[in-house]
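Below is one structure, written out as structure tokens; the observations come after it.
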Amino acid sequence: MPLSTSLALILMAGSSIAAPQSFDLSSGSATRQTPYQAGGHGMEPGSTDGDFLFSVAVPDGTYRVTLKLGDRKAAGDTTVKAEARRLMLRNVATKKGEFIQRQFLVNVRSPALPPPPANAPGGTMVRITSGDAREYTWDDRLTLEFLGKPQVASVTIEPVSAPTIFLAGDSTVTDQAAEPAASWGQMLPVMLDGTVAVANHAKSGATLKSFLTDLRFDKLLSAVKPGDWLFIQFGHNDQKQEWPQTYADAATTYPAYLRAYIAEARRRGAHAALVTSPERRNFDESGHIKDTLGSYADAVRKLAAEERVPLIDLNADSRAIYEALGPQVAPTAFNDGGKDKTHHNNYGAWLLASAVAERIRTQIPELAPHIVAAPFVPAQPPSAAQVAIVPSRAHSDVRPAGN
């Protein structure tokens, strides 16, 4: 059965799981004046008459969000992010009196794990940090953030079963919860057509080993379905010999752990793809990027060929992007005003996500039809002004873990 047909059938079937919930989010509505209360719905702290965050209590799962955008009395320019700043819609313009509909999928999860059988090893909760607990990710609700000049008439939320891209990785992949840091994984949803969900389980500072010991991989695997995809990107932290508990040698343990991840996905009927880690922004005197991940990127390339899984060579693409921008402009794509040479801001995250989307288009035929991002050439990146993503309200001066 063609993927487009199977997607339609899955989404139609999922719509019968529970009745949709609809809410009036127009300016002045009662919902816009109601603070969020546990188990219900309402506005999150920090919401204003302009930008606002709206949450609805839901169980773990994937949800189709249908928005009616527009207002009878005012024009709008609406950007929407979900959970921890996952970009879902960007700069949707509506004229005064105009109404349009947009849909996308949001994956929601809590720390709870299916309990293991009696006397079996395992845990009942993902080992999240206090920082994780403060974010709109590991909780019991679906949170939408409306930014720019949002004009939102209504929102409808309904559970569905949809093909999903699961992301396992570190700080360059994860949903960064606060400005100015951002990662490619949280930009990827807006580059898909809304029939494939993204479940970003990546964690700042994570390694192949810690992702297991924190039970994050257990949580991811508990939700994987046949036909889903697992994108795996580790390396920045695995290469640190000063982290003896989680160090993985590029020639031995690193590919062995990657191979185990692939096997676990396949055992559940899912597909795996390997992603090489983006390079750090260190230029040499000739304007080229210095190699700090070479043996790890090469190990991923070799393993992808051996295991016959798609390769998303973000290491090569990141080098091309940074060198095209040059030593003077490249820092504008990075966190902390460019002082951070590893983690990106919205602009840099968008560039890397665009590279990932382009690789999906060329390397993964099953997912290629669902890429809606414009064609992307890493050696010809758009400017920051051309990308311009409305920042979220949350801000932090703390750099993401890992480097």
Side-chain angles (χ1 to χ4, degrees), residues 65 78-92 102 104-107 135-137 143-148 164-194 196-204 229 231 233 273 275-278 281 312-315 317-318 320-322 325 330 332-335 340 342-361 364 367 370-378 381-392 394 400:
V65 175
T78 307
T79 290
V80 183
K81 301 179 185 180
E83 300 290 271
R85 298 173 57 231
R86 301 174 203 163
L87 187 61
M88 313 307 295
L89 297 176
R90 175 171 168 256
N91 302 125
V92 181
R102 291 288 186 272
F104 50 82
L105 299 178
V106 179
N107 181 265
E135 299 174 2
Y136 295 112
T137 297
T143 300
L144 299 172
E145 183 178 20
F146 298 93
L147 299 162
T164 302
I165 299 173
F166 288 85
L167 305 182
D170 54 29
S171 57
T172 58
V173 186
T174 192
D175 293 336
Q176 297 290 351
E179 302 284 348
S183 297
W184 68 258
Q186 64 195 138
M187 299 293 172
L188 187 60
V190 80
M191 299 183 179
L192 297 166
D193 65 3
V196 176
V198 176
N200 192 349
H201 286 251
K203 166 66 178 174
S204 291
W229 284 83
F231 284 24
Q233 184 211 289
V275 185
T276 56
S277 297
R281 195 193 81 246
I312 296 176
D313 200 345
L314 194 53
N315 183 270
D317 289 344
S318 65
I321 291 168
Y322 306 157
L325 294 175
T332 65
F334 283 77
N335 178 47
D340 187 335
T342 300
H343 306 108
H344 303 88
N345 57 17
N346 287 325
Y347 173 46
W350 177 275
L351 295 180
L352 291 195
S354 297
V356 171
E358 189 62 33
R359 290 279 183 170
I360 293 173
R361 199 186 333 251
I364 308 179
L367 292 175
H370 305 285
I371 297 296
V372 296
F376 181 78
V377 179
S383 68
Q386 290 173 301
V387 172
I389 297 168
V390 181
S392 296

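Two residues are said to be in side-chain contact when any heavy atoms from C-beta on lie closer than 4.5 Å; Ile371 and Phe376 fail this criterion. The shortest distance between side-chain heavy atoms of Leu325 and Leu351 falls below 4.5 Å. Within the 4.5 Å cutoff, the side chain of Asp340 has heavy atoms near those of the Pro400 side chain. For the pair Leu314/Trp184, a side-chain contact is recorded, criterion being any heavy-atom separation below 4.5 Å from C-beta on. Using a 4.5 Å heavy-atom cutoff, the side chains of Val173 and Val275 are not in contact. Between Met88 and Val190 the shortest side-chain heavy-atom distance does not fall below 4.5 Å. Annotation: side chain of Glu145 is not in contact with side chain of Val390 (no heavy-atom distance under 4.5 Å). Looking at heavy atoms from C-beta onward, Leu352 lies out of side-chain contact with Asp317 at the 4.5 angstrom threshold.
Taking Asp170 as the reference, nothing meets the salt bridge (Lys or Arg N to Asp or Glu O under 4.0 Å) condition, with sequence neighbours excluded. Taking Thr174 as the reference, nothing meets the side chain to side chain donor-acceptor pair (under 3.5 Å) condition, with sequence neighbours excluded. Residues satisfying the ring pair (Phe, Tyr, Trp, His ring centres under 6.0 Å) test with Phe146, not counting sequence neighbours, are Phe52. A search for side chain to side chain donor-acceptor pair (under 3.5 Å) contacts involving Asn346 returns Arg85, Glu179, not counting sequence neighbours. Remark: His344 pairs with Tyr322 by the side chain to side chain donor-acceptor pair (under 3.5 Å) rule, at least two apart or across chains. Legend: residues meeting salt bridge (Lys or Arg N to Asp or Glu O under 4.0 Å) with Glu358, ordered by chain and number and at least two apart, are Arg361. Remark: Arg281 pairs with no residue by the salt bridge (Lys or Arg N to Asp or Glu O under 4.0 Å) rule, at least two apart or across chains. With sequence neighbours excluded, the residues forming a ring pair (Phe, Tyr, Trp, His ring centres under 6.0 Å) with Trp229 are His271, listed by chain and number. For Ala199, the side-chain contact (heavy atoms from CB on, under 4.5 Å) partners at least two apart in sequence or on another chain are Asn107, Thr164, Phe166, His201. For Gln176, the side chain to side chain donor-acceptor pair (under 3.5 Å) partners are Ser204, not counting sequence neighbours. With sequence neighbours excluded, no residue forms a salt bridge (Lys or Arg N to Asp or Glu O under 4.0 Å) with Arg90.
The shortest non-hydrogen separation linking Pro381 to Pro378 is CD-O, 3.3 Å. In terms of heavy atoms, His370 sits closest to Val196 at CG-CG2, 4.0 Å. In plain terms, the two heavy atoms of Thr79 and Asn91 that are nearest each other are OG1-N, 3.0 Å. Nearest heavy atoms, Met191 versus Ser354: CE-OG, 3.3 Å. Between Tyr347 and Thr332, the shortest heavy-atom contact is CD2-O, 3.6 Å. Smallest separation of non-hydrogen atoms from Glu83 and Thr137: OE1-O, 3.8 Å.
To the nearest 0.5 Å, atom OG1 of residue Thr143 and atom CD of residue Glu135 are 11.5 Å apart. Taken from CG in Leu367 to CD1 in Ile165, the straight-line distance is 5.0 Å, to the nearest 0.5 Å. The line from NZ of Lys81 to CZ of Arg86 is 13.0 Å long, rounded to the nearest 0.5 Å. Ile312 contributes atom CD1, which lies 4.0 Å from atom CZ of Phe231 (distance to the nearest 0.5 angstrom). Between Met187 atom CE and Asp175 atom CG the span is 10.0 Å, to the nearest 0.5 Å.
Within the structure, the salt bridge (charged side-chain N to carboxylate O under 4.0 Å, His left out) test picks out no pair touching residues 180-192 (sequence neighbours left out).
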